[in-house]
Amino acid sequence: MPQADPPHVLEIGDGERVESATAWREQRRPRLKALLRQYVYGYAPPAPRRRFDVDEVHESVFAGAATLKRIAIRFPDLPQAAPEIRLALFVPTETETPNPAVFGLNMAGNHTVADISHLSVPAWARERETAAEHLLERGERADYWQVRETIDRGYAFATACTWDIHPDTPEMGLTKYCWHHHGDVPGALRGGALAAWAWGISRCVEYLLEDPDIRDDAIAAFGHSRAGKATLLAGALDERIALVIPHQSGTAGVALSRREATASSGETVEQIATAFPHWFNGYYPMFATDVGRFPIDQHHLVALVAPRAILATESTPEADAWTNPNAARLSIRRASTVWDLREDQTLSDDEVSQEGGSIPDDAPPILHYRRDAEHTMTPEYWEAVYDFADQHLEHGSTP
Ligand code: GCU
């Protein structure tokens, strides 16, 4: 079925367009947040009172290059059965404190990001193993996360696992207890796993804002694939995140849902809503076969990050067709108009999209960076992330 072009990012109805950064911020932004919650992700609950417990501090990890803190974010007003969010934070020891930080949402457990004896395998990971899921051992994803290299670049690295916040199943996690605590919202508007994970990222950011080792104007959030979708949502909604790095986030992430014009053959809204209905609210699947009826598209979500920085790291259609890299590139190009409002500039399509190589010294605050790589994270992508972060976290970019 032919799909209409996505609505212009500045359009507020009847063809009228927002013309100033103030109008964007005061009129368009709140409306878009509501539309994205209404049509795609749903609402997350208000955050209940929380407590940050620094349970462990290990001063000499990576041969003394970093200190590891293990923090539990606990919710004292929720029933005891409610899970806690466990955060692992690596702080470089050889830099001047406070440090810029990258938060990465992992999907397999904090113990997988580095082979460090203090990172024990959590009970839920063992339980999942008996439920026929492969248990990842300590440090098994170290090559993927490159924590040591992050430290060497002068960044703190924080991570928490999706499963602490919401299992990747229709069964709800922590947010279920929060909803009960605050009185429920109507079922169809209640957020799914993506909204819950984004909510969890914000709780972790709140800890980082209080940690004296972290610069509160220099917190970046990274996530890959489904975690990339949640990270983009968190970055769009939470203005305390100065830099957002959705990696190969695909459908319901950076990629436009209306993707006909981009000749993309990857995942459709219908496919994602059928395979993973628990990621969304109750309405999203109703539009799955006719995405032209959505009043919004994913470039609106990207645009909510403005004027902060966003680096969408992507693959090529040949290497990772499922994530619709061309639809992601168009989304970034369409969204970039919103950054122009403030800077009195016009970012060209070429300026906001780059094919491989190094990040230029004057990288714009919104960039689609493509490498010919599979659906995973590599040292080359991390290098691009830190080269970009060096520029855009230097003086902070909070609005
Ligand atoms: C599936 C899903 C994608 C998702 C991916 C992942 O392939 O269809 O939308 O991004 O899983 O999280 O790895």
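Throughout, residue positions are numbered sequentially from 1 according to the sequence presented. Counting convention: from 1, in listed order, for ligands and their atoms alike.
Note on D297 versus R259: no salt bridge recorded, every NZ/NE/NH1/NH2 to OD/OE distance being 4.0 Å or above.
The distance from ligand 1 to the heavy atoms of H375 drops below 4.0 Å at these ligand atoms: 13 (O). Residue-ligand proximity, I272 to ligand 1, at heavy-atom distances under 4.0 Å covers atoms 9 (O).
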Would you please test S264 and N326 for side chain to side chain donor-acceptor pair (under 3.5 Å) and show each step? CA-CA 6 Å; S264 295; N326 285 347; 5.2 Å; no

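Given atom 2 (C) of ligand 1, the protein heavy atom at minimum distance is F276 CE1, 3.4 Å. For atom 10 (O) of ligand 1, the nearest protein heavy atom (residue, atom name, distance) is S225 OG, 2.7 Å. Here the protein heavy atom with the shortest distance to atom 7 (O) of ligand 1 is W322 NE1, 3.0 Å.
The side chain of K229, and not its backbone, has at least one atom closer than 4.0 Å to an atom of ligand 1 (non-hydrogen atoms only; side chain from C-beta on). Under 4.0 angstrom from ligand 1, there are no non-hydrogen atoms of T251.
Using bins of under 30°, 30° to 60° and over 60° for the plane-to-plane angle, the ring pair F157/F90 lands in the tilted bin.
Looking at T346 and D340, their side chains never bring a donor and an acceptor atom within 3.5 Å of each other. Side-chain polar atoms of D390 and Y155 form a donor-acceptor pair below 3.5 angstrom.
Nearest to atom 12 (O) of ligand 1 by heavy-atom distance, out of R226, E267, H224, is R226.
Below 3.5 Å of separation, one finds no N or O of Q248 facing any N or O of ligand 1.
A donor-acceptor distance shorter than 3.5 angstrom exists from the side chain of R258 to the backbone of F294, with no hydrogens or angles considered. Checked by atom type and distance alone, the side chain of H392 pairs as donor or acceptor with a backbone atom of A363 at under 3.5 Å.
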